[in-house]
There are 4 protein chains.
Amino acid sequence: MQLGMVGLGRMGANLVRRLMRGGHTCVVYDVNPAAVGELEGEGATGAASLADFVAQLDGPRAIWLMLPAAIVEETLDTLVPLLSSGDTVIDGGNSYYRDDITRAQKLARSGLHYVDCGTSGGVWGLDRGYCLMIGGETDVVDRLDPIFKTIAPGIGTAEPTPSRPADATGTAPEGYLHCGPNGAGHFVKMVHNGVEYGMMAAIAEGLSIIKHANAGQVDRVVDAETTPLRDPWAYQYDINVGEVAEVWRRGSVVGSWLVDLIADAFAASPDLAQFSGRVSDSGEGRWTVLAAVDEGVPAPVITTALYERLQSRQLGEFTDQICSAMRSEFGGHAEKK
Amino acid sequence: MQLGMVGLGRMGANLVRRLMRGGHTCVVYDVNPAAVGELEGEGATGAASLADFVAQLDGPRAIWLMLPAAIVEETLDTLVPLLSSGDTVIDGGNSYYRDDITRAQKLARSGLHYVDCGTSGGVWGLDRGYCLMIGGETDVVDRLDPIFKTIAPGIGTAEPTPSRPADATGTAPEGYLHCGPNGAGHFVKMVHNGVEYGMMAAIAEGLSIIKHANAGQVDRVVDAETTPLRDPWAYQYDINVGEVAEVWRRGSVVGSWLVDLIADAFAASPDLAQFSGRVSDSGEGRWTVLAAVDEGVPAPVITTALYERLQSRQLGEFTDQICSAMRSEFGGHAEKK
Amino acid sequence: MQLGMVGLGRMGANLVRRLMRGGHTCVVYDVNPAAVGELEGEGATGAASLADFVAQLDGPRAIWLMLPAAIVEETLDTLVPLLSSGDTVIDGGNSYYRDDITRAQKLARSGLHYVDCGTSGGVWGLDRGYCLMIGGETDVVDRLDPIFKTIAPGIGTAEPTPSRPADATGTAPEGYLHCGPNGAGHFVKMVHNGVEYGMMAAIAEGLSIIKHANAGQVDRVVDAETTPLRDPWAYQYDINVGEVAEVWRRGSVVGSWLVDLIADAFAASPDLAQFSGRVSDSGEGRWTVLAAVDEGVPAPVITTALYERLQSRQLGEFTDQICSAMRSEFGGHAEKK
Amino acid sequence: MQLGMVGLGRMGANLVRRLMRGGHTCVVYDVNPAAVGELEGEGATGAASLADFVAQLDGPRAIWLMLPAAIVEETLDTLVPLLSSGDTVIDGGNSYYRDDITRAQKLARSGLHYVDCGTSGGVWGLDRGYCLMIGGETDVVDRLDPIFKTIAPGIGTAEPTPSRPADATGTAPEGYLHCGPNGAGHFVKMVHNGVEYGMMAAIAEGLSIIKHANAGQVDRVVDAETTPLRDPWAYQYDINVGEVAEVWRRGSVVGSWLVDLIADAFAASPDLAQFSGRVSDSGEGRWTVLAAVDEGVPAPVITTALYERLQSRQLGEFTDQICSAMRSEFGGHAEKK
């Protein structure tokens with residue numbers, strides 16, 4: 001079927017490519033004409049403006065937005081007046097699920113449909129497929145099924161789940177899922193990213209503990225401020241953490257795509273020297289924590305992983321200064337620099 | 001080659017089966033004669049006692065222990081006097097890596113070799129292969145290579161790591177790795193389990209947040225002790241968490257064997273009612289935390305996951321009672337039951 | 001000066017008593033006539049309804065609300081139409097600071113002033129004084145200074161801060177502080193309670209570790225699921241935790257009112273048997289975490305303390321069941337009950 | 001009575017001064033002759049060597065060591081051969097309690113007594129008194145009671161605990177406590193410091209959240225990597241955190257010596273600019289975590305506070321690099337510097 005794509009960054013462009021490979025036709029638009037031109041060269045129909053874009057789509061239109069969360073609102077302000085009753089807008093980015101609820105209500109007043117679609121897969125999705133978590137009205141989501149089916153990885157990309165009943169229905173084994181009404185898609189994607197934070201931190205901490213298994217070989221200053229390592233004999237290992245990541249890829253309980261990726265990163269750069277140690281966070285992790293707190297569901301691991309990222313960017317510095325100041329007050333401790 | 005196996009529980013028996021499928025011959029012993037008999041029926045040579053077991057093995061012997069950590073020591077006390085210089089004992093269980101160091105030193109005094117081999121794979125390893133993390137002297141580990149190669153999953157069980165140099169050597173892509181001298185294998189396996197705790201907790205917390213996305217539909221008591229949910233409209237979702245686990249299996253960043261497994265568990269039991277919520281911990285998680293603290297490497301996510309398990313078994317109850325008592329003292333708060 | 005008090009629970013009634021002791025006159029109202037009658041007997045002027053209450057106050061009126069956060073809004077709905085331009089409403093409860101901002105704006109449209117006043121001190125405040133954290137317009141707060149000064153503990157209740165400049169101004173050493181515009185008072189009080197959660201948890205965890213210093217004397221089941229304690233000789237102490245709390249009250253770095261209180265609780269009940277171990281949370285802790293996440297300030301200790309409370313009420317049970325289910329899947333582990 | 005003091009740093013010297021003020025006589029030794037000379041000038045008897053020191057003490061001797069934990073062992077190696085049966089050595093520093101157990105056993109073989117005495121109070125103890133947590137044999141501890149009583153703050157330094165029975169015995173209200181056999185004193189002091197870490201972190205995090213209540217005024221970069229603050233209107237406060245600390249000193253639930261101290265630090269330095277944000281840890285915090293893990297008692301707040309200190313010194317950097325590397329792999333995210 002036909003789909004319009006607004007936003008041709010890494011994710012948007014690859015979604016278009018995967019759809020075209022799957023036999024769909026795509027009309028594409030981006031504020032950057034070069035991005036439009038590139039996809040035109042690959043078979044898409046380019047548009048010079050949002051108005052041009054809308055004009056080239058057959059009704060009822062299906063329009064996918066693949067934009068940074070911060071500019072979805074202003075794009076909709078321009079786009080919505082150009083649309084006709086019965087058209088559908090799909091937000092495939094990382095919008096906050098609460099915005100989905102209010103946007104869907106607003107669009108409904110113009111007879112428009114809204115679908116929120118959390119999209120996971122990163123730069124590898126073109127070949128690997130994207131995992132889709134979808135929120136919206138059932139009939140609207142059903143109508144878009146051919147699109148979702150093509151974008152998703154497909155059932156063959158993993159072994160069947162042994163206990164799944166033979167007569168079980170549903171698209172989850174294809175890699176896409178209608179999670180519920182508007183917002184449900186981005187809610188599940190939001191938590192997915194929270195889980196991702198926790199898994200990444202667990203893997204990273206573990207590999208770091210392995211890296212520092214040589215702690216007994218490293219001299220520590222001995223003074224009133226630093227405790228000596230009591231058992232240096234037990235920390236005399238020089239372990240190749242990249243090879244550890246590689247070996248964990250097969251047969252182990254921690255086998256996962258994230259372990260695959262870190263094995264690759266170590267293969268490319270054994271000391272990871274190009275990474276400064278500053279880890280960004282882009283919204284979903286924070287929102288997951290807010291949801292956990294609102295729900296009253298303890299989420300200590302996910303929250304700790306978020307804070308670890310904030311601390312990697314020294315956002316706890318004032319906290320640390322206060323601790324230092326207290327130590328100075330009660331003990332006359334001057335912190336080492 | 002020939003291997004002797006002591007301990008024919010789930011793991012030990014399946015290791016034997018996998019080795020025999022791979023063309024090796026096995027001599028087996030267990031305190032439970034029925035376990036011995038079962039493997040005899042599948043082609044193994046059974047032994048009636050440790051002495052009989054040792055007698056049936058060709059020198060230099062290779063003996064694999066697959067026992068609970070708590071009884072390794074006493075088994076060695078009986079076994080070691082029966083062995084001859086040049087024999088090798090492999091501890092494939094979950095021993096503490098520090099015990100490996102002292103045991104290897106002790107065995108060396110009798111001319112014996114010791115190899116510690118962390119073995120991951122659980123009940124699925126027979127078909128899937130086991131991930132092996134190995135510690136010991138290089139020539140001893142090399143000599144056992146045919147055994148490790150057969151037990152491990154093999155290179156075909158995962159996609160190649162793209163950035164791995166074409167001329168890279170090493171067995172990690174086969175699923176087994178010589179990590180370093182004695183203790184290094186169990187050290188890496190210990191941390192592996194710590195990572196496993198963290199990943200499991202991240203997945204579980206996330207699915208729980210999704211399960212409780214209906215918090216706005218549930219009545220909360222409103223009184224001075226309980227804050228009302230400010231935005232009940234934002235928590236009105238009834239999401240099928242089992243289907244969420246299934247959809248995350250393909251194409252998503254959190255794709256992992258643990259997600260595969262929880263999808264299976266939900267397929268078999270949508271409300272997990274048979275699980276009490278008490279989560280055991282079996283040593284490696286605790287030891288990982290001790291190592292992190294000794295090394296001075298922050299491991300907040302792994303540690304938090306450990307504590308979450310302890311709390312699931314109410315081991316923090318006295319702590320909670322003290323908090324309650326303080327609240328009663330300063331605010332006259334009587335905790336609800 | 002004259003003050004009207006709405007809400008004569010523990011806190012409201014004691015505020016009235018402390019004000020009357022300090023020479024102020026009070027008009028009082030509560031939905032419960034008995035509470036009104038009791039304070040009339042102590043010298044306050046009682047009111048039979050909100051209308052009667054307003055009628056008995058001289059303009060410009062100063063009215064203090066001491067109510068559960070959940071009913072402040074509806075009380076204001078009734079009260080505001082009865083008031084006159086220039087009157088001031090003080091919310092002394094635990095309202096969310098964001099509500100202060102919107103309420104102040106709403107009241108301003110009727111020519112009314114609004115002051116938010118976080119009040120700490122619990123059941124002991126009558127004699128000890130209450131710590132006040134105040135938000136509102138400067139001239140309005142200044143006009144109420146005699147009220148705040150009387151309620152606050154007073155400068156003599158703690159040693160002077162040595163480094164405080166002799167010419168420093170400000171009321172903080174009296175125990176009350178104008179923190180900023182509307183909401184600032186409850187913001188500071190909110191975080192105060194978050195700090196309180198963290199301090200309580202730290203004290204409680206520590207005393208619990210001391211209580212369990214006898215872990216080496218307690219038998220543990222030894223099986224594949226439970227690691228034995230390696231150094232039982234190091235955990236052979238039976239320490240009286242109540243006496244530890246008492247000794248920490250003098251001269252130690254952890255000396256604090258909370259330690260005073262827990263020493264008292266242990267003196268009254270050495271095993272704290274009347275406390276079930278369920279610890280409530282009443283809003284401020286959750287809001288503190290939301291603020292930390294919004295600000296991007298890591299607050300792992302405060303957040304962990306909040307989650308510890310949620311876990312004390314088994315709100316993480318589904319999370320734990322999921323972990324149990326995964327363990328069952330990969331290892332065939334049946335959790336002990 | 002007479003006491004010998006070895007180690008005349010800040011703590012040791014002030015202990016001597018407090019004892020002399022209380023009418024005791026002191027023989028003093030330090031490797032630094034100037035420290036000896038200074039106390040001689042204040043009335044102590046100086047010694048030129050450990051042998052001279054021992055010779056000047058009357059038997060049975062009472063010798064207090066106030067030394068960094070790392071040099072206690074070597075000092076004992078020199079000191080013990082000089083002593084006579086019946087003499088007592090008190091370790092008043094921050095030794096690991098397990099060392100106390102082995103040292104006491106070793107000294108007992110020479111007929112010597114050993115007392116471990118955790119000493120809290122910092123640079124303020126001279127005037128304020130020191131909180132003492134004592135381990136050792138009952139008769140030996142009893143004999144030293146006059147010393148402990150003088151060093152401790154004394155009963156008048158805090159209000160009586162209301163619920164403490166009038167006929168309760170014990171020295172805890174004086175500020176010193178015999179906690180149990182050898183090691184029990186340092187065990188309690190160790191946990192005390194763990195509690196201190198947690199309380200400090202809670203206070204510091206809270207004040208930091210208050211400091212950043214202006215987050216809505218600060219521009220944030222808006223891009224795909226950074227989520228915009230949704231409610232900037234709610235974070236518009238410029239709050240004086242030093243005054244907040246001061247106001248919390250009186251009447252609030254968080255009132256504590258640590259709050260007193262941080263109020264003083266802010267009074268001296270409103271922006272704490274002289275503190276780099278690196279926070280040391282000196283052993284007890286780590287040991288507290290090890291004990292919690294061994295005992296199976298969850299201590300998430302204390303542990304988190306320890307890790308926060310480690311992170312303040314960038315000890316989690318490799319962990320962060322690994323997370324960054326994974327983000328780069330799956331999303332092409334280049335971390336901002």
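Given the structure is predicted, the values throughout are model-derived calculations rather than measurements.
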Pairs of heavy atoms under 4.5 Å with chain C: top-ranked of Thr303(D), Asn193(D), Val244(D), Ile210(D): Ile210(D)

Using 0.5 Å steps for rounding, measure from the OG1 atom of Thr102(D) to the CH2 atom of Trp233(C). 6.5 Å

Picking from Pro165(D), Gly170(D), Pro181(D), which has the most non-hydrogen pairs under 4.5 angstrom with chain C? Pro181(D)

Asp264(C) versus Ser163(D), side-chain donor and acceptor atoms under 3.5 Å: yes

If I measure from the heavy atoms of chain C, does Ile302(D) come under 4.5 Å with its side chain, its backbone, both, or neither? both

If you count heavy-atom pairs under 4.5 Å with chain C, which of Ala172(D), Pro162(D), Gly125(D) comes out on top? Ala172(D)

Given heavy-atom pairs under 4.5 angstrom as the criterion, report whether the side chain, backbone, both or neither of Met190(C) touches chain D. neither

Would you check if Asp260(C) and Thr161(D) make a side-chain contact, meaning some heavy-atom pair closer than 4.5 Å? no

Max heavy-atom pair count under 4.5 Å with chain C, selected residue of Val297(D), Thr304(D), Val247(D), Ile203(D): Val247(D)

With a 4.5 angstrom heavy-atom cut-off, could you sort out which part of Leu261(D) is near chain C: side chain, backbone, both or neither? neither

Value rounded to 0.5 Å, distance of CG in Asp294(C) from OH in Tyr235(D): 3.5 Å

Chain C heavy atoms under 4.5 Å from Glu196(D): which part of the residue, side chain, backbone, both or neither? both

Please determine, among Leu177(C), Leu132(C), Thr171(C), Val259(C), the option with the most heavy-atom pairs under 4.5 Å with chain D. Leu177(C)

Ser252(C) backbone acceptor or donor facing Tyr130(D) side chain under 3.5 Å: no

Using a cut-off of under 4.5 Å on heavy-atom pairs, state which of Gly122(D), Ala305(D), Gly194(D), Gly183(D) scores highest against chain C. Gly183(D)

Atom NE2 in His192(D), atom CG in Leu207(C): separation rounded to 0.5 Å? 11.0 Å

Heavy-atom pairs under 4.5 Å with chain C - which of Ala213(D), Ala152(D), Gly180(D), Ala204(D) has more of them than the others? Ala213(D)

Counting heavy-atom pairs under 4.5 Å to chain D, which of Thr288(C), Val254(C), Val191(C) comes out on top? Val254(C)

Would you mind telling me which of Ala158(C), Gly206(C), Gly255(C) has the largest number of heavy-atom pairs within less than 4.5 Å of chain D? Ala158(C)

Taking side chain as C-beta onward, heavy atoms only, is Trp248(C) less than 4.5 Å from Val188(D)? yes

If I measure from the heavy atoms of chain C, does Met133(D) come under 4.5 Å with its side chain, its backbone, both, or neither? side chain

Test your reading of the model: is there a side-chain donor-acceptor pair from Ser120(D) to the backbone of Val253(C), 3.5 Å cut-off? yes

Report the option among Asn214(C), Thr157(C), Val241(C) that has the most heavy-atom pairs separated by less than 4.5 Å from atoms of chain D. Thr157(C)

When rounded to the nearest 0.5 angstrom, what distance separates CG in Asn240(D) from SG in Cys179(C)? 9.5 Å

For Asp127(D), is it the side chain, the backbone, both or neither that has a heavy atom under 4.5 Å from a heavy atom of chain C? neither

With a 4.5 Å heavy-atom cut-off, do Val195(D) and Glu205(C) have their side chains touching? no

Less than 4.5 Å to any heavy atom of chain C: does that hold for the side chain of Val301(D), its backbone, both, or neither? both

Tell me, which pairs form a salt bridge (charged side-chain N to carboxylate O under 4.0 Å, His left out) where one or both residues lie in residues 227-248 of chain D, sequence neighbours left out? Asp99(A)-Arg230(D), Arg98(C)-Asp231(D), Arg164(C)-Glu243(D), Glu246(D)-Arg249(D), Glu246(D)-Arg250(D)

Side chains of Ser256(D) and Leu258(C) in contact at under 4.5 Å (non-hydrogen atoms): no

Would you compute the distance between atom CD1 of Ile239(C) and atom NE2 of His178(D) and round it to the nearest 0.5 angstrom? 10.0 Å

Not counting sequence neighbours, which residues clear ring-ring contact (aromatic ring centres under 6.0 Å, His included) with Tyr237(D)? List them please. Phe187(C)

Using a cut-off of under 4.5 Å on heavy-atom pairs, state which of Ala263(C), Ala265(C), Gly198(C), Pro153(C) scores highest against chain D. Pro153(C)

Quick check on the interface: out of Ala292(C), Ala184(C), Ala268(C), Ala201(C), who has the most heavy-atom pairs with chain D under 4.5 Å? Ala184(C)

